[in-house]
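We name chains A, B, ... by the order of the sequence lines, and we start the count at 1 in each one.
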Number of protein chains: 2
Amino acid sequence: MGNRCENCIVRQLNSLKVLGKEELKAISDHKITRKFKKGESLFSEGEKLNGIFCVRSGVTKLSKISENGKGQIVKIASKGEMIGQRSIISEEQTNLSAVALDDMEVCFIPKEHIMKNLSSNVEFTKTLLKHMANDLKHADTLIVNMAQKTVKQRVAETLSYLDTNFERDLDGFIGVILTREDIANLVGTAKEACIRTLTSLRKDNIISTQGKRIKIEDKKALYNIIQGI
Amino acid sequence: MGNRCENCIVRQLNSLKVLGKEELKAISDHKITRKFKKGESLFSEGEKLNGIFCVRSGVTKLSKISENGKGQIVKIASKGEMIGQRSIISEEQTNLSAVALDDMEVCFIPKEHIMKNLSSNVEFTKTLLKHMANDLKHADTLIVNMAQKTVKQRVAETLSYLDTNFERDLDGFIGVILTREDIANLVGTAKEACIRTLTSLRKDNIISTQGKRIKIEDKKALYNIIQGI
DNA sequence: CGGTGAATTGATCGCCTTCAACCCTTGTGG
DNA sequence: CCACAAGGGTTGAAGGCGATCAATTCACCG
């Protein structure tokens with residue numbers, strides 16, 4: 001392995017950054033680095049996790065399947081984000097599934113080492129708490145959007161979210177590559193409705209596309225759509 | 001006044017239960033007991049809170065107003081629940097509004113005393129974390145429901161939620177009294193659609209109503225509706 | 001170059017929103 | 001005590017948005 005958490009850059013991005021030298025060393029000694037190919041599942045809804053994942057590279061979607069078989073993507077996680085924390089903290093099975101959208105490299109940190117810090121390092125617990133408070137705020141906003149906004153507004157909102165929260169590639173396209181179906185699952189609509197909306201946005205020169213890649217051309221117009229103007 | 005946190009029963013229901021004698025005393029000495037009449041606002045979206053509220057009696061709705069002016073109720077909080085924690089933890093303005101649905105009695109605990117325990121008592125922080133993890137799970141489920149279920153399913157789900165999570169009155173009616181509009185805002189639909197659904201449930205003898213009060217008559221049938229059977 | 005899966009477009013149907021009218025309850029002032 | 005406003009509840013009808021099914025094109029991969 002050789003990769004030490006102490007030297008890992010992604011650590012700067014998440015709750016692990018508040019850990020002390022000794023604590024990090026303990027984690028680093030027990031972590032397992034794993035690779036997932038595009039489309040592979042990190043874990044599935046209802047599974048019992050034995051630890052949490054820290055994303056080193058690549059992107060994953062966290063989704064939930066409802067009775068009718070359709071999936072709803074609740075969050076996209078990329079470099080530096082930790083996933084699985086919620087179920088470890090609640091000490092229950094996961095309520096979400098995670099699937100790699102890219103080839104990914106993740107570090108698996110066994111539960112015990114998280115729990116230990118959870119009980120001994122207030123700063124760590126506090127940081128986790130803040131992260132979760134933020135996730136919750138985001139979730140609340142999403143609930144309102146789902147309930148009250150049109151598909152067009154939600155598509156616009158989703159594109160804006162992807163554009164601002166994930167790195168863009170050299171040509172200015174959104175860096176996360178999603179199928180139209182994934183976008184639909186993120187928006188919470190049918191694939192066709194999502195496609196039709198993208199087509200109309202393209203016609204109005206608000207976005208441009210190239211295969212699956214999407215680039216936002218007119219950010220202002222996009223905001224107006226989100227606001228329902 | 002005169003009421004000491006140490007002796008307060010509602011404390012058993014929330015995160016404060018893990019605090020030690022001294023810590024509780026400090027909080028009790030600085031808390032302010034306030035009353036709100038039905039319809040009064042505890043705080044509004046965007047406001048900066050200086051502490052958190054602990055509900056002693058009564059019920060409150062936590063909602064969010066979207067640009068189009070319609071409200072979405074995200075959570076109903078009753079005896080023993082603490083509200084405002086999220087924004088205190090994130091150290092930012094609230095993302096929700098709280099309005100009393102009943103006459104209420106709440107204790108206001110100044111921020112400093114929460115923050116102090118957050119930094120010194122890991123157990124307290126951990127308990128808060130667990131509560132928030134639970135809220136987050138609940139929110140994720142709600143997102144999926146909003147996105148994928150019909151109004152009828154959501155109404156059924158909401159009724160089931162209210163019935164199981166809040167005390168029933170002597171006649172077996174759901175103890176929380178909501179206007180039809182509030183229920184609609186909880187379900188995420190228009191008032192009329194909500195009413196029509198309730199009417200149809202009444203016709204099928206799945207629920208009965210008496211003024212605003214609602215009683216669930218056939219729990220099994222309700223579950224079937226939720227499942228989409 | 002065929003084949004497989006994704007993207008796109010068309011057409012239909014039904015749920016839900018919206019507007020409008022009316023009823024019912026509650027509370028308030030004369 | 002009554003009348004009347006005021007707000008919530010209920011029902012009707014019209015119209016649109018989005019889901020669904022079907023057919024076609026497109027892109028990529030062996």
Checklist entry - Does any N or O in the side chain of B/Gln153 come within less than 3.5 Å of the main-chain N or O of B/Ile226, such that one atom is a donor and the other an acceptor? => result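 Yes.
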Next on the checklist: So if I apply the side-chain contact (heavy atoms from CB on, under 4.5 Å) rule between B/Lys75 and each of B/Asp135, B/Leu186, B/Leu96, which one comes out positive?
Outcome noted: B/Asp135
Next on the checklist: Tell me whether B/Glu105 is salt-bridged to B/Lys35, with the criterion being a basic N under 4.0 Å from an acidic carboxylate O.
Outcome noted: yes
Check whether any side-chain N or O of [X] sits under 4.0 Å from OP1 or OP2 of [N], and answer yes or no.
X        : N      : result
A/Arg202 : C/dT8  : yes
A/Arg196 : D/dG18 : no
B/Lys191 : D/dT11 : no
B/Thr189 : C/dT17 : yes
B/Thr199 : D/dT10 : no

Checklist entry - Given D/dT11, D/dT20, C/dA7, which nucleotide is nearest the side-chain atoms of A/Arg180? => result C/dA7
Item to check | 5' precedence on DNA chain D between A/Lys149 and A/Gly211 (nearest-nucleotide basis) | outcome: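 The residue whose closest nucleotide sits nearer the 5' end is A/Lys149.
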Checklist entry - Just checking B/Lys152: base, sugar-phosphate only, or nothing, at a heavy-atom cut-off of under 4.0 Å? => result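 Contact class for B/Lys152: none.
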Grab the [atom1]-[atom2] distance between [X] and [N] for me, whole Å please.
X        : N      : atom1 : atom2 : value
B/Asn185 : D/dG8  : CG    : P     : 12 Å
A/Arg213 : D/dA27 : CZ    : P     : 14 Å
B/Ile195 : D/dG7  : CD1   : P     : 17 Å
A/Ile214 : C/dA6  : CD1   : C1'   : 14 Å
B/Leu198 : C/dC16 : CG    : C1'   : 15 Å
A/Lys212 : D/dA27 : NZ    : P     : 13 Å
B/Gln153 : C/dG14 : CD    : P     : 18 Å
B/Ile177 : D/dG7  : CD1   : P     : 21 Å

Next on the checklist: Should the side chain of A/Glu192 and the base of D/dC21 be counted as holding a donor-acceptor pair, with the cut-off at 3.5 Å?
Outcome noted: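 By the distance-only test, yes, there is a pair.
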Item to check | Test: A/Arg213 cationic atom under 6.0 Å from A/Phe173 six-membered ring centre, within 45° of axis | outcome: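 Output yes; distance and angle both within limits.
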Item to check | Side-chain donor-acceptor pair present, A/Ser90, A/Arg86, cut-off under 3.5 Å | outcome: yes
